[in-house]
Colleague: 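Got a structure for you, written out below as structure tokens; questions coming shortly.
Computed from a prediction, not measured in an experiment: that's the story for all the values here.
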Amino acid sequence: MAAAPLQLNALQGVEAAKRAAAYAAVDNHVKPEHQIIGIGSGSTVPYVVERIVQQGPKVNTNRWFVPTGFQSKELIVKNGLKLGDVDSFPEIDVTIDGADDVDSNLNAIKGGGACQLREKVLAEAAKTFIIVADFRKNGEILGQGWKQGVPIEVAEFAWSKVQRQLVKLGSTNAALRMGKAKAGPVVTDNGNFVIDAQFDEKFMKQPDELLKTIKLLTGVIEVGLFTNMCQAAYFGNEDGTITAKEIGGKVQKGITFDVSRNPIVS
Ligand SMILES: O=C(CO)[C@H](O)[C@H](O)COP(=O)(O)O
């Protein structure tokens, strides 16, 4: 018997675009044989989980879901999915995550939500790492769309030394990220601080070089530059279509995706 069509909340604009991108990514990359799934952070990822849940209990009963932080942990638990961790699952079939900025080679800036350490561990542990985002993240060179700088997780006692070094390296405005509705700095899920460091285009054109340089500063725990990790990115556009980019340069624009269609799980 055919499943009844999905009844979904009506979404407009960017939110509708994000949902379409997330659904397309899940349909293309989360297959029944995938049993260990990494779940990223951000405002697009809830739609990823929504689509995975729509794949049904038959496939999801045997799956384990590994979160990148508090937010995704809650998403997994609230949706009745099985919560795993990297200790138990150091190899992940597929991780799907959001991003703050993506360049034409699928390098990304991540860490707008201060989750970059766990996000990178799950991206690196995954056989396939996929990004889902809206059109504002779809760029040519990192930093053209995302102006807040590269998020860098640092040991709490070392932040001031690292900040000075980042400025010496050429950062135009390296600043400790401060909490909102909290006095003092943002503290990550791992108990560390975050410095947001802007670099001009000369640096951002070679994100791998910049990543290696920053990573060598003692006190730096992880850098929110994800280079040579992502296999495909799905961007939801304002007009409701999707742009899909693959590693190797293939770009498909104007993809239409009917979110009311049930996922095909076979
Ligand atoms: O890197 C991240 C958190 O550290 C998020 O993935 C990133 O901020 C994307 O968020 P959104 O989907 O809300 O645009």
Colleague: Quick check: do V49 and L81 have side-chain heavy atoms less than 4.5 Å from each other?
Modeller: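 Yes, their side chains come closer than 4.5 Å.
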Colleague: Please check if atom CG in L216 has more than 12 non-hydrogen atoms from other residues, nucleotides or ligands closer than 6.0 Å.
Modeller: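 Yes - once you tally the heavy atoms of other residues, nucleotides and ligands closer than 6.0 Å, there are more than 12.
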Colleague: Look up atom OG1 in T227 and atom CG in L211, then write down how far apart they are to the nearest 0.5 Å.
Modeller: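 Output value for this atom pair is 5.0 Å.
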Colleague: Test D97 against K110 for salt bridge (Lys or Arg N to Asp or Glu O under 4.0 Å), laying out the working first.
Modeller: CA-CA 9 Å; D97 202 345; K110 288 185 50 54; 3.1 Å; yes
Colleague: Which residues pass the side chain to side chain contact (heavy atoms under 4.5 Å, CB included) test with K73, sequence neighbours left out?
Modeller: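 Result, side chain to side chain contact (heavy atoms under 4.5 Å, CB included) vs K73: P67, L83.
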Colleague: Quick check on R164: does its CZ atom have over 12 non-hydrogen neighbours (other residues, nucleotides or ligands) under 6.0 Å away?
Modeller: no
Colleague: For residues W159 and V154, report the shortest heavy-atom separation together with the two atoms involved.
Modeller: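 In terms of heavy atoms, the two residues are closest at CB-CG2, 3.7 Å.
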Colleague: I'd like to know if L217 and I221 are part of one continuous hydrophobic network [Ile/Leu/Val/Met/Phe/Trp/Tyr, side-chain heavy atoms within less than 4.5 Å].
Modeller: no
Colleague: Taking L106's backbone N and O only, do any of them form a donor-acceptor pair with D103's side chain (distance below 3.5 Å, no angle check)?
Modeller: yes
Colleague: Looking at E238, I'd like to know if its CD atom is crowded, meaning that more than 12 non-hydrogen atoms belonging to other residues, nucleotides or ligands lie closer than 6.0 Å.
Modeller: no
Colleague: Would you indicate whether the side-chain heavy atoms of I92 and F129 approach each other to under 4.5 Å?
Modeller: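 No, their side chains stay 4.5 Å or more apart.
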Colleague: Roughly how far, to the nearest 0.5 Å, is CD1 of I76 from CD of Q71?
Modeller: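 The CD1 atom of I76 is 10.0 Å from CD of Q71, to the nearest 0.5 Å.
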Colleague: Can you establish whether the number of heavy atoms outside Q12 located under 6.0 Å from its atom CD is more than 12?
Modeller: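 No, the 6.0 Å shell around CD holds no more than 12 heavy atoms from other groups.
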Colleague: Let me confirm one number: the CG-CD1 distance from L122 to I37, rounded to the nearest 0.5 Å.
Modeller: 11.5 Å
Colleague: Identify the heavy atoms of A25 and V132 that sit nearest to each other, and give their distance.
Modeller: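 For A25 and V132, the tightest heavy-atom pair comes out as CB-CG1, 3.4 Å.
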Colleague: Please examine the side chains of N60 and F65, heavy atoms only from C-beta on, and report whether any two atoms are closer than 4.5 Å.
Modeller: yes
Colleague: Around K78, counting heavy atoms of other residues, nucleotides and ligands shown, do more than 12 lie under 6.0 Å from its NZ?
Modeller: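 No.
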Colleague: Locate the shortest heavy-atom distance separating V220 from I214; write the atom from each residue and the value.
Modeller: CG2-O, 3.6 Å
Colleague: Hey, what's the ring geometry for Y234 with H29, parallel, tilted or perpendicular (30° and 60° as the breaks)?
Modeller: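 Judged by the thresholds at 30° and 60°, the geometry between Y234 and H29 is perpendicular.
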Colleague: Kindly indicate whether the side chain of I36, heavy atoms from C-beta on, has any atom under 4.5 Å from the side chain of E91.
Modeller: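 In short, these two side chains do not touch, never coming nearer than 4.5 Å.
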Colleague: Report yes if the side chains of N107 and L225 come closer than 4.5 Å at any heavy-atom pair, otherwise no.
Modeller: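 A side-chain contact is absent here, since even the closest heavy-atom pair is not under 4.5 Å.
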Colleague: Has K82 got more than 12 heavy atoms of other residues, nucleotides or ligands less than 6.0 Å from its NZ?
Modeller: yes
Colleague: Kindly indicate whether the side chain of I255, heavy atoms from C-beta on, has any atom under 4.5 Å from the side chain of T241.
Modeller: no
Colleague: Compare every heavy atom of F89 with every heavy atom of G84, then report the nearest pair and how far apart it is.
Modeller: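 Heavy atoms only, the tightest pair is CA-CE1, 4.0 Å.
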Colleague: Write out all pairs satisfying side-chain hydrogen bond (donor to acceptor under 3.5 Å, both in side chains) with one or both partners inside residues 166-182, taking only residues at least two apart or from two chains.
Modeller: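 Sorted pair list: R177-D196.
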Colleague: Indicate yes or no: at least one non-hydrogen side-chain atom of L166 is less than 4.5 angstrom from one of F199.
Modeller: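 Answer yes - side chains close enough.
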Colleague: Over all heavy atoms of both residues, which pair between R63 and K31 is shortest? Give the atoms and the distance, please.
Modeller: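 That would be NH2-O, 2.9 Å.
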Colleague: Would you indicate whether the side-chain heavy atoms of Q55 and V26 approach each other to under 4.5 Å?
Modeller: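 Sidechains of Q55 and V26: in contact.
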Colleague: Could you check whether K137 makes a cation-pi contact with F235, meaning its NZ or CZ is under 6.0 Å from the centre of the six-membered ring and within 45° of the ring axis?
Modeller: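 K137 over F235 ring: no.
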Colleague: Once you round to the nearest 0.5 Å, how far does CZ of F226 lie from CG of L142?
Modeller: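 Reported to 0.5 Å precision, the distance equals 12.0 Å.
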Colleague: Testing Q116, R118, K215 for side chain to side chain donor-acceptor pair (under 3.5 Å) with E222, which one passes?
Modeller: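 So, applying the side chain to side chain donor-acceptor pair (under 3.5 Å) to E222 and each of Q116, R118, K215, only K215 qualifies.
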Colleague: Among L8, I52, V48, find the one that has a side-chain contact (heavy atoms from CB on, under 4.5 Å) with Y23.
Modeller: L8
Colleague: Which heavy atom of P90 sits nearest a heavy atom of A125, and at what distance?
Modeller: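 Looking at all heavy atoms of both residues, the closest pair is O-CB, 3.3 Å.
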Colleague: So does K120 pair up with E124, basic N to acidic O under 4.0 Å?
Modeller: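 Looking at E124 together with K120, the answer is no, because their closest N to O distance does not fall below 4.0 Å.
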Colleague: What's the spacing between K205 NZ and N105 CG if we round to 0.5 Å?
Modeller: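 Here the rounded value is 12.5 Å.
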